[in-house]
Amino acid sequence: MTTTSPAATKAGGLRTGVQRFGTFLSGMIMPNIAAFIAWGFITMLFIPKGFFGAESPFGWHWAGVAEIVGGGGDSAVLGWQGAMTAVAEGADGNILAYVGLVGPMVTYLLPLLIANTAGRMVYGERGGVVATIATMGVIVGTNIPMFLGAMIMGPIAAWITKRMDRLWDGKIRPGFEMLVNNFSAGILGMVLAIVGFFAFGPVMLGISAVLGGAVDWLVSLNLLPLVSIIVEPAKVLFLNNAINHGVFTPLGIEQAAETGKSILFLIEANPGPGLGLLLAFTFFGVGAAKASAPGAAIIQFFGGIHEIYFPYALSKPTTILALIAGGAAGVTTNMVLGGGLAFPAAPGSIIAVTAAAVGGGVGNLLVVYLSVVIAAVVTFLITGVILRASRKRDLEAEGDSFGDAIAQTEANKGKSSAAMDALRASSGAGAAGAAATGAGVATDRRIANIVFACDAGMGSSAMGASVLRNKFKKAEIDGVTVTNQAIANLDGSADLVITQQQLTDRAKAQSPNSIHVSVDNFMNSPKYEEVVEMVREQRDSDA
């Protein structure tokens, strides 16, 4: 018998639409963050001003290797441009010394990875291949890194491929499927690549120029800190991905390719405002918020999970003003003193920020650290004033307001979260919310393959799978596989699928023949005991 709870009705309107758009954008970028980091480290080490470059500030020039890996000539950062110049001038010698790794990676590798990921999100492997081919045309038709082009052309190409396949779905004679599929995808990819080269590429150049000009305008007028007025409230409402991954990351990569670092990587990822807020709740908060804030501060600052401080801001909405002030102070510090990161800091941990900042030298690292400290101090002071002013009233009215804020945070995100589950457990807030709803688990189907499913297939679902595996281990029950994956990857092979209650309907549509169990809390649900007991009874009856 399928066990579910009524799926929560998703709020409509602009916020939900932007959330979904932001999730899609982050889905293109986040799986490829490792490649961005690899490029960032290569840039940091081998460009002329890098650790081992010809202009190394530390005097560590690694002769020969730095020129080949980082690229040579005046256009070392965009190595392919240096190569084209060398060819035009009839340069002798190994052309790889001009190209290096830095230029080709930022020009070809990273955009093509994004395009392939976007295509797979829309239409699986086939969509990913056509999206990559089409994006190659956009890349070659421009002279700047085409991240925005990949994020637009990739999904469009995959969608067109999907629509094309529907034209002859079920009409291909047996034995000709591979021929038709390969040639149709190849021809479509060719056409889209040509369109990308002649039409789409120039359009994207114009869009990139406008966006880059807007950022330069804000910097020239010293207005960039005002962006925090949008970014900080957007973070709390889970609307930040559309801004961060849709605008800041592509533009930041372009800036980093030209100058070796970008301030745009620190506008959203700076852990200072969140740290200041949580420290203020540690000293001046009340009840569950005060008790859980120290642990949350460690997770936020070192783990980079910023969403863990969102319930604190929602429990006292006026503190969002403190976050805005802290974020603006951090941006101002980096803008005035020239701080920036070489690549995106994802997650926004102080460890990731350090790794991305160290390439600019000790001076840049100190400026970035200063921006984090100033952002934290400003947020702490303003939040402290707000909390002290309402402390007496908060003590008198202390109830389950923090638990309500956690629930509101999950509602804003549209799904459960390992960070929220841990926060709820550490604070004791919303204990009732940990219980799953619905009838008890009961089925005649033999359970051997259990899958935890969530939006991304990582994070909270991975933690839930680990919890259930440990319960089976303690119960000494063998022969049960417990894994985690994204809902979109469910293929119907799972005997039992466990999801957060707001996602159960999507999971049922993806895997209709599986048994479905809904829980509110991936970390600690009584449903897990029911599942373990059900499997135990099945094994006992087999014996």
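A quick note: this is a predicted structure, and the numbers were derived from the prediction, not measured.
In this structure, NZ in K473 is found 11.0 Å from CG in D478, a value given to the nearest 0.5 Å. Between the CG atom of N449 and the OG atom of S514 there is a distance of 8.5 Å, given to the nearest 0.5 Å. We find the CE-CE distance between M28 and M151 to be 4.5 Å, quoted to the nearest 0.5 Å. Here the CD1 atom belonging to I447 is positioned 5.5 Å from the CD atom belonging to Q538, to the nearest 0.5 angstrom. The distance from the CG atom of L251 to the CG atom of L148 is 6.0 Å, given to the nearest 0.5 Å. One distance of note links CG of N334 with CG of L341; it measures 7.5 Å at 0.5 Å rounding.
Residues G154 and A131 come closest through the heavy atom pair O-CB, 3.4 Å.
For the pair N32/L110, no side-chain contact is recorded, criterion being any heavy-atom separation below 4.5 Å from C-beta on. Residues I139 and L112 are in side-chain contact: their nearest non-hydrogen atoms beyond the backbone lie under 4.5 Å apart. At a threshold of 4.5 Å between non-hydrogen side-chain atoms, the residues P271 and Q300 count as touching. Inter-residue side-chain proximity for V531 and K471 is flagged as unmet; no heavy-atom pair is nearer than 4.5 Å. The shortest side-chain heavy-atom distance between M105 and T107 does not fall under the 4.5 Å cut-off. Y123 is not listed as a side-chain neighbour of V129, based on a closest heavy-atom distance of 4.5 Å or more. The closest side-chain heavy-atom distance from Y309 to K235 is below 4.5 Å.
Atom CD of E125 has 12 or fewer heavy atoms from other residues, nucleotides or ligands within 6.0 Å.
The aromatic rings of Y528 and F452 sit perpendicular to each other, their planes meeting at more than 60°, with 30° as the lower class boundary.
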Exercise. Go through the steps for M146 and S208 under the test side chain to side chain contact (heavy atoms under 4.5 Å, CB included), then give the verdict.
Key: CA-CA 9 Å; M146 262 293 105; S208 296; 3.9 Å; yes

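Less than 6.0 angstrom separates the ring centroid of F36 from the ring centroid of F147.
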